[in-house]
Protein chains: 2
Amino acid sequence: MKRLDEHQLAVWRAFVNAHAAVIERIEKDLSDQRKIPLTTYDVLVALYQSPDKKLRMTELAKHVVLTRSGLTRVVERLEREGFVKRERTEEDRRGAFAVLTREGKKAFLATWPTYADGIKNYFLSVLDEDERAAIERGLSKIYRSLI
Amino acid sequence: MKRLDEHQLAVWRAFVNAHAAVIERIEKDLSDQRKIPLTTYDVLVALYQSPDKKLRMTELAKHVVLTRSGLTRVVERLEREGFVKRERTEEDRRGAFAVLTREGKKAFLATWPTYADGIKNYFLSVLDEDERAAIERGLSKIYRSLI
DNA sequence: AAGAAATATTTGCTTAGTCAAATAAATGGG
DNA sequence: CCCATTTATTTGACTAAGCAAATATTTCTT
């Protein structure tokens with residue numbers, strides 16, 4: 001591909017604008033309904049989906065869009081709110097697990113419906129089947145090419 | 001649409017992950033090459049594309065993903081760096097224009113090649129023509145449905 | 001087995017950006 | 001024409017998150 005023309009740029013703009021708009025809307029719904037925000041949610045899902053409902057900080061950081069130190073802060077907050085706890089282990093005493101608590105699971109389960117509605121209403125329902133397929137295919141390729 | 005199945009969720013995940021990955025990559029390239037970051041860039045393009053290379057703060061805020069107060073801070077920074085200046089006007093003395101300076105134009109023009117390369121390499125080039133078309137169509141619809 | 005190198009996580013400091021209140025000027029209604 | 005309301009922007013106080021340095025522990029290397 002040589003140079004960017006207006007057409008190609010339009011694809012990029014659509015991507016960036018749609019993302020900002022959808023995320024903003026979903027965040028607003030979550031906050032209006034006193035649910036946990038998205039970054040927090042991502043941490044809790046990652047824990048929920050892990051076999052023992054716990055993950056090493058480094059592992060956890062890979063699941064979310066955060067640096068390791070950013071994750072430390074988030075987990076700190078979550079610990080204060082009682083949604084996770086840190087668990088030291090004898091195997092490797094440098095680090096810690098973040099463990100999902102019962103409260104954390106509850107918060108996470110309570111949040112999902114709002115989040116899911118957002119995904120449906122602001123994103124999926126606007127797309128027809130072809131678009132969904134193409135988006136999934138294209139954007140997955142992009143993601144894989146970058147990790 | 002009733003309930004979210006795995007398939008549909010995969011579309012959403014692809015969208016979110018691709019966005020985070022591509023933006024992160026582009027920001028990194030910009031920073032490595034000592035170019036201005038994306039939010040800053042967005043402000044400068046908006047000004048550059050406006051008829052007189054200047055916009056009221058409120059107008060400008062609509063072009064970028066920032067609240068009005070967020071914009072105040074960014075323009076403050078940009079003013080410190082000499083890329084824009086604030087210009088009061090007699091017509092309406094409540095507010096001010098942000099005006100692109102010669103330096104600002106230079107910074108913006110110098111940044112574009114890096115940005116454009118990122119868009120090409122990390123995003124467009126990975127997609128085939130169908131995917132590009134579908135993404136443009138679908139995501140534009142989404143964006144329009146939300147403004 | 002001792003020191004060097006690597007790994008896991010946290011901390012201190014700083015920047016970016018938000019919200020709600022403050023300020024300032026313009027406008028509309030009686 | 002004056003006051004109440006609205007509009008434009010900034011400010012103060014705060015939260016989120018990043019980077020680089022610090023800390024703690026493990027794993028190599030010889």
Side-chain angles (χ1 to χ4, degrees), chain A residues 19-20 23-32 34 36-44 46-47 50 54-81 83-99, chain B residues 20-21 23-32 34-44 46-47 54-81 83-99:
Chain A
H19 183 270
I23 294 292
E24 187 180 354
R25 226 28 120 75
I26 294 179
E27 284 289 13
K28 182 171 185 323
D29 289 350
L30 290 172
S31 137
D32 285 353
R34 276 114 228 288
I36 59 182
L38 284 181
T39 7
T40 306
Y41 179 82
D42 288 347
V43 169
L44 300 187
L47 292 176
S50 76
K54 66 181 184 181
L55 286 172
R56 295 297 295 250
M57 293 299 277
T58 305
E59 282 313 302
L60 189 45
K62 288 178 193 154
H63 287 270
V64 297
V65 189
L66 278 176
T67 58
R68 268 168 289 105
S69 75
L71 182 64
T72 297
R73 321 287 184 173
V74 171
V75 169
E76 221 164 76
R77 273 200 304 280
L78 286 172
E79 198 166 29
R80 245 184 279 129
E81 300 171 299
F83 296 157
V84 308
K85 59 183 197 296
R86 277 184 181 87
E87 193 176 272
R88 298 260 154 201
T89 163
E90 277 313 305
E91 299 154 15
D92 182 343
R93 297 186 310 171
R94 279 170 303 185
F97 285 96
V99 192
Chain B
I23 294 292
E24 187 179 355
R25 229 24 124 74
I26 294 180
E27 284 289 13
K28 183 173 184 326
D29 289 351
L30 290 172
S31 136
D32 285 354
R34 276 114 227 288
K35 302 294 166 59
I36 59 181
L38 283 181
T39 6
T40 306
Y41 180 82
D42 287 347
V43 170
L44 299 188
L47 292 176
K54 66 182 185 182
L55 286 173
R56 294 298 294 251
M57 294 299 277
T58 305
E59 281 314 302
L60 190 46
K62 288 178 194 154
H63 288 270
V64 296
V65 189
L66 278 176
T67 58
R68 269 168 288 106
S69 73
L71 182 64
T72 297
R73 319 288 185 174
V74 171
V75 169
E76 220 164 76
R77 275 200 305 280
L78 286 172
E79 198 166 28
R80 245 185 279 130
E81 299 171 300
F83 295 158
V84 308
K85 60 181 196 300
R86 277 184 181 89
E87 193 176 274
R88 297 261 154 200
T89 161
E90 277 312 304
E91 298 154 15
D92 181 343
R93 296 185 311 172
R94 279 170 302 186
F97 284 97
V99 192

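To find a chain, count down the sequence lines: A is the first, B the second, and so on, and within it residues start at 1.
- What separates CZ of R80(A) from P of dA16(D) is a distance of 8 Å, to the nearest Å.
- Summarising the local packing, CD of E76(B) is surrounded by more than 12 heavy atoms from other residues, nucleotides or ligands at distances under 6.0 Å.
- Between the R88(A) side chain and the R94(A) main chain, a donor and an acceptor come within less than 3.5 Å of each other.
- dT10(D) atom C1' lies 13 Å from atom CD of E79(B), rounded to whole Å.
- The two atoms that bring A61(A) and R68(A) nearest to each other are CB-CG, 4.1 Å, heavy atoms only.
- Residue R86(B) places at least one side-chain N or O under 4.0 Å from the OP1 or OP2 atom of dT10(D).
- Nucleic acid contact for T67(B): sugar-phosphate only, since backbone atoms but no base atoms lie under 4.0 Å from a heavy atom of the residue.
- The 12-atom threshold is exceeded at CD of E81(A), counting heavy atoms of other residues, nucleotides or ligands nearer than 6.0 Å.
- At the phosphate of dG17(C), OP1 or OP2 sits under 4.0 Å from a side-chain N or O atom of T39(B).
- Checked by distance alone, R73(B) brings a side-chain donor or acceptor within 3.5 Å of a matching partner on the base of dT18(C).
- Side-chain atoms of R94(A) stay outside donor-acceptor range of the base of dT26(D), with no qualifying N/O pair under 3.5 Å.
- Rounding to whole angstrom units, CZ of residue R56(A) and P of dT25(D) are separated by 12 Å.
- Within the nucleic acid shown, R93(A) comes within 4.0 Å of sugar-phosphate atoms alone, with no base atom in reach, counting heavy atoms only.
- Of the two residues near DNA chain D, M57(B) and L66(A), the one whose nearest nucleotide lies more 5' is M57(B).
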